[in-house]
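Down below is the structure, laid out as structure tokens.
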Protein chains: 2
Amino acid sequence: MPTIKDVASRAGVSVGTVSNVLSGSVTVTDDLRTRVEEAIAELDYRPNLIARSLKKRQTNTLGMIISDIVNPFFPEMVRGAEDAAAAAGYILTTFNTDDRVERERQVFELLRSRRVDGLLLVVALVRGDLSHVRQAVEEGLPIVCLDRRPEGLDLDSVTVDNAGGVRQCIEHLIERGHRRIAVITGGQGKYITQVRLDGYLEAMAAAGIPLDPNLIRDGNFRRESGFAIAKELLTSPNPPTAIFSCNHIMNLGVVQAVEELGLESPRDITLATFDRLKLTDVFRPHMTSVEQPSYEIGAQGTRLLIERIKNPAEGAPRVHIQLPTQLRIAESSSGRLSAAGN
Amino acid sequence: MPTIKDVASRAGVSVGTVSNVLSGSVTVTDDLRTRVEEAIAELDYRPNLIARSLKKRQTNTLGMIISDIVNPFFPEMVRGAEDAAAAAGYILTTFNTDDRVERERQVFELLRSRRVDGLLLVVALVRGDLSHVRQAVEEGLPIVCLDRRPEGLDLDSVTVDNAGGVRQCIEHLIERGHRRIAVITGGQGKYITQVRLDGYLEAMAAAGIPLDPNLIRDGNFRRESGFAIAKELLTSPNPPTAIFSCNHIMNLGVVQAVEELGLESPRDITLATFDRLKLTDVFRPHMTSVEQPSYEIGAQGTRLLIERIKNPAEGAPRVHIQLPTQLRIAESSSGRLSAAGN
DNA sequence: TTGTATGCGTTATCAG
DNA sequence: CTGATAACGCATACAA
């Protein structure tokens, strides 16, 4: 593979001159410029970006750490990040942690050894041992948190108005006449569980509906837990008239439970969920859902990160962008509750 | 950020010695070794992989070019690739082309400048101007094609038995009594269209069913085309009794059309599609589908690529791995056709 | 076994 | 405006 030296000798100039025409920052005589350009074309020369990175101390590479690309929430986010990165001349290298901190820690090591210019981070853990991210920040690695905000660590972030989204959806259910609204959360100590449950609690409180502890159930964001909990709820003596799932995966379990029990939504039970799954839009029941702007999370986070990289304003206050969700009302919550119940 | 020099001076040894304990290839006295290790720990030293890459002429980085991570077919493939890459000490940088050749060409340039060790490629175009990939191959870049095989260019590949999968599914429909089976393909000149249509033709021929050109419709792999074509088919004077879509996205359009016409599957129309969407499994109608091992495509392709990188057997014949699909029979094709029609 | 020196391909500094 | 040269951080051949 030809080097800048080969180009220089072929064009009969020095490497400095070649470098100058490449960068375009220094003016070069037309004569020499064309000779260099010809040599580049003839040799099919491609600058070695590794060498350039070493010299310039910047890799034009962004690391991105997510839970799992197979979770349909992430592809759009990654795509948004990649598009924004590409537009600014950066590339993205993505890593899945499955929300395992040890893996996240490994990836941190790797990315820092590879000298990425910045990091887009969906933290595995929102509290607990965050020493690796704390250390990285202290050593000057620009980080933007996506989707979740770690506690006790002030970082730039782009998140979604989770509480507001849930609140709006629960309000919609209440307005439809529901009072016995069950919520399935995603496990104690998780950021998403906490903020989405907040929305539920706010809406219920605002409507003056007393809380029934039996209707606030803690799942684990997995399908099986949605299934099991929904089955329990629906076969209990005093079942809810509506079920809200805190993510779409658990909602799949809920839908499955409803079908297995021979029930139908919205006829027998009203359903709603966080996360819109565009793919399932055409299938029945059409789900009422809280849609989040995944692409925008990735894109805006990346733009913010690149801004931080280019403009390392040390003392600048952190930025916390919070994007709105959108309530999409559909069939699964279209029934109006009569006085007698569902 | 500390360098190998800092470690050396702190441990009171030479950089060569530090390098030796790092690589572990040369035996170092226990005394020196521990001193070096201590210095590394104290300084929180991380080897600069950029510098190492420059010296060793290998980046331990794999490029991956796909159509669009938002298409649910790809996340699993990417995940398979990433897991396999990580297991071998490589990282992956992924790019979306939306099947645009110009973008593919740009990405090729970029990846070659970045000196990736190898490339996982879902080609945008299967015929036409493939000069960029041909040139890359000639210059020694190891490439493994995933999902599609470009024509007139012999490259290692990992694909799926598309024709076999479709054939099996059509045979299933025939066995259920269908003879008027429509197929919606994805546009002329595309690899996937061609190989999947082949499966349809084989199955029909084997069953001795004459082809009805009205039932072989060319879409474009997008939802709208599935919708429009299904609507046409279903409202035609002599409609099919079954519709097979060549990918899941068009099938979404088909499902939508069925619903809009007030029909129901399988009661009024039998449906089947390539690609299983696990997410939609719980929704109605449960779709009969041809499932492909996406994760395995990525994982096996990556292992093959790494094998090629480590073992650049120049003259070795290309390997073409073809993975089997799996037919998943579900509700949408569960009706048995009576003599009178659906 | 350990240290020294050279080069990987660029960029940047500084004379000319 | 152009050319020579010194880093960038590491690995490796070679010498000690």
Side-chain angles (χ1 to χ4, degrees), chain A residues 1-37 39-40 43-61 89 109-117 139-140, chain B residues 1-37 39-40 43-61 89 109-117 139-140:
Chain A
M1 198 143 264
T3 76
I4 198 172
K5 260 186 194 164
D6 300 323
V7 175
S9 68
R10 175 152 197 138
V13 299
S14 75
V15 293
T17 301
V18 178
S19 181
N20 285 339
V21 344
L22 247 36
S23 73
S25 56
V26 179
T27 43
V28 176
T29 326
D30 277 355
D31 172 40
L32 290 194
R33 168 183 305 281
T34 55
R35 267 160 57 196
V36 167
E37 282 165 350
I40 288 177
L43 292 172
D44 191 35
Y45 164 76
R46 265 179 268 276
N48 183 328
L49 261 31
I50 301 297
R52 182 177 292 173
S53 288
L54 179 60
K55 179 65 190 177
K56 298 188 70 166
R57 299 158 158 287
Q58 71 180 40
T59 53
N60 282 285
T61 301
E109 279 302 305
L110 190 58
L111 290 178
R112 307 200 54 200
S113 271
R114 289 201 175 242
R115 301 295 190 268
V116 294
D117 293 336
E139 294 178 12
Chain B
M1 196 143 264
T3 74
I4 199 172
K5 259 185 192 164
D6 302 321
V7 175
S9 68
R10 174 152 199 137
V13 300
S14 75
V15 294
T17 302
V18 178
S19 180
N20 284 339
V21 345
L22 248 35
S23 72
S25 57
V26 178
T27 44
V28 176
T29 325
D30 277 354
D31 172 40
L32 290 193
R33 168 183 305 279
T34 54
R35 268 161 55 197
V36 168
E37 283 165 350
I40 288 177
L43 293 171
D44 189 36
Y45 165 74
R46 267 177 267 277
N48 183 326
L49 262 30
I50 301 296
R52 184 177 289 173
S53 287
L54 180 59
K55 178 65 189 176
K56 299 188 71 168
R57 298 156 159 287
Q58 70 180 41
T59 53
N60 282 285
T61 301
E109 279 301 305
L110 190 58
L111 290 178
R112 307 200 56 201
S113 270
R114 290 203 174 240
R115 302 296 192 266
V116 295
D117 293 337
E139 293 178 13

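Everything quoted here is computed from the prediction, not taken from an experiment. Just so you know, these numbers use all the heavy atoms, side chains as well, and skip hydrogens, waters and symmetry mates. Quick note on labels: first sequence line is chain A, next is B, and so on, each numbered from 1.
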Check the distance between [N]'s [atom2] and [X]'s [atom1] and give it to me in whole angstrom.
{"X": "B:Arg57", "N": "D:dC10", "atom1": "CZ", "atom2": "P", "result": "18 Å"}
{"X": "A:Met1", "N": "C:dC8", "atom1": "CE", "atom2": "C1'", "result": "15 Å"}
{"X": "B:Lys55", "N": "D:dC10", "atom1": "NZ", "atom2": "P", "result": "13 Å"}
{"X": "B:Arg114", "N": "C:dG9", "atom1": "CZ", "atom2": "C1'", "result": "15 Å"}
{"X": "B:Lys56", "N": "C:dG9", "atom1": "NZ", "atom2": "P", "result": "16 Å"}
{"X": "B:Gln58", "N": "D:dA11", "atom1": "CD", "atom2": "P", "result": "11 Å"}
{"X": "B:Arg115", "N": "C:dC8", "atom1": "CZ", "atom2": "P", "result": "14 Å"}
{"X": "A:Leu49", "N": "D:dC8", "atom1": "CG", "atom2": "C1'", "result": "15 Å"}

*Starting from Watson-Crick (N1-N3 plus N6-O4 or O6-N4) and G-U wobble pairs under 3.5 Å, report the runs of at least three that DNA chain D belongs to.*
C:3-16 with D:1-14
*Between A:Arg114 and B:Thr61: side-chain donor-acceptor atoms closer than 3.5 Å*: yes
Straight-line distance of [X] [atom1] to [Y] [atom2], nearest 0.5 Å:
{"X": "A:Glu139", "Y": "B:Arg46", "atom1": "CD", "atom2": "CZ", "value": "5.5 Å"}
{"X": "A:Ile50", "Y": "B:Arg57", "atom1": "CD1", "atom2": "CZ", "value": "12.0 Å"}
{"X": "A:Leu111", "Y": "A:Thr59", "atom1": "CG", "atom2": "OG1", "value": "9.5 Å"}
{"X": "A:Ile4", "Y": "A:Asn48", "atom1": "CD1", "atom2": "CG", "value": "10.5 Å"}

*When you get a sec, tell me which of C:dG9, D:dC10, C:dC8 is the closest nucleotide to the side chain of B:Ile4?*
D:dC10
*Please confirm whether the backbone N or O of A:Gln58 pairs with a side-chain atom of A:Ser53, one donor and one acceptor, at under 3.5 Å?*
yes
*Out of A:Leu43, A:Asp44, A:Val36, which residue meets the side-chain contact (heavy atoms from CB on, under 4.5 Å) rule with A:Ile40?*
A:Val36
*Take A:Arg35 and A:Asp31 through the test side chain to side chain contact (heavy atoms under 4.5 Å, CB included) and record every step on the way to the result.*
CA-CA 6 Å; A:Arg35 267 160 57 196; A:Asp31 172 40; 3.3 Å; yes
*Contact list for DNA chain C against residues 12-24 of chain B - heavy-atom distance below 4.0 Å*: B:Val13, B:Ser14, B:Gly16, B:Thr17
*Below 4.0 Å: OP1/OP2 of D:dA11 and any side-chain N or O of B:Arg52*: yes
_For a quick check of understanding: with a heavy-atom distance under 4.0 Å over all strands, which category does B:Ile50 fall into, base, sugar-phosphate or nothing?_
nothing
_With a 4.5 Å cut-off on side-chain heavy atoms, are B:Thr17 and B:Val28 touching?_
yes
